[in-house]
Amino acid sequence: MDIDFSELSLANGDYPDGISQREILSVLSNANHKLHNIPGFPLKEFYTLACGYSQSKRILLIASRVVELKRQIIQVKVADENEIESYYCKG
């Protein structure tokens, strides 16, 4: 599936902590990443939260949705301790 980064912007701070597109792609291509539905969003709209290790040895949370057969990245951040436990360990 193609990845669409058009919703992210360096000017708006959507790439915090020095996260790069390459690092985001490394999480999504890692077979061990965990995928969760985002609470409050209808399943039919394909909003998901991916959590996994990146090439930089950090665990990222990546919010995305599927639009016209492309995964559109909406927001990304380095996961904190609680998020790692909730989204990666319990996954």
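Atoms considered below: every heavy atom in the structure, side chains included; atoms not considered: hydrogens, waters and symmetry mates. These numbers come from a predicted model, not from an experiment.
Here the CD-CD1 distance, from Q55 to I24, works out to 10.5 Å after rounding to the nearest 0.5 Å. The distance from the SG atom of C89 to the NZ atom of K34 is 8.5 Å, given to the nearest 0.5 Å. Here H33 contributes atom NE2 and L49 contributes atom CG; the two are 10.0 Å apart, rounded to the nearest 0.5 Å. Atoms OH and CD1, from Y87 and I62 in turn, are 14.0 Å apart once rounded to the nearest 0.5 Å. In this structure, C51 SG and I84 CD1 are separated by 7.0 Å, a value rounded to the nearest 0.5 Å.
Within the structure, the ring pair (Phe, Tyr, Trp, His ring centres under 6.0 Å) test picks out the following pairs touching residues 49-71 (sequence neighbours left out): Y53-Y88.
Remark: Q21 pairs with Y15 by the side-chain hydrogen bond (donor to acceptor under 3.5 Å, both in side chains) rule, at least two apart or across chains. The side-chain contact (heavy atoms from CB on, under 4.5 Å) test applied to I3 returns F5, L25, L28, R71, I73, not counting sequence neighbours. Residues that satisfy the side-chain contact (heavy atoms from CB on, under 4.5 Å) test with S20, not counting sequence neighbours, are R22, E23. Qualifying side-chain hydrogen bond (donor to acceptor under 3.5 Å, both in side chains) partners for E83, counting only residues two or more places apart in sequence or in other chains: K77. With sequence neighbours left out, F46 forms a ring-ring contact (aromatic ring centres under 6.0 Å, His included) with no residue at all. Not a single side-chain hydrogen bond (donor to acceptor under 3.5 Å, both in side chains) links S26 to another residue, sequence neighbours left out.
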- Could you go step by step and tell me if L60 and I19 meet the side-chain contact (heavy atoms from CB on, under 4.5 Å) rule? CA-CA 9 Å; L60 301 185; I19 297 170; 3.8 Å; yes
- Item | Verdict with reasoning, S54 to I59, per side-chain contact (heavy atoms from CB on, under 4.5 Å) | CA-CA 6 Å; S54 74; I59 297 178; over 6 Å; no
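Formation of a donor-acceptor pair under 3.5 Å by the H36 side chain with backbone atoms of T48 is not found in this model.
The nearest pair of heavy atoms linking I74 to S64 is CD1-C, 4.0 Å. The two residues R58 and V78 come nearest to each other via the heavy atoms NH1-CG2, 3.8 Å. The two atoms that bring Y47 and R65 nearest to each other are OH-NH1, 2.9 Å, heavy atoms only.
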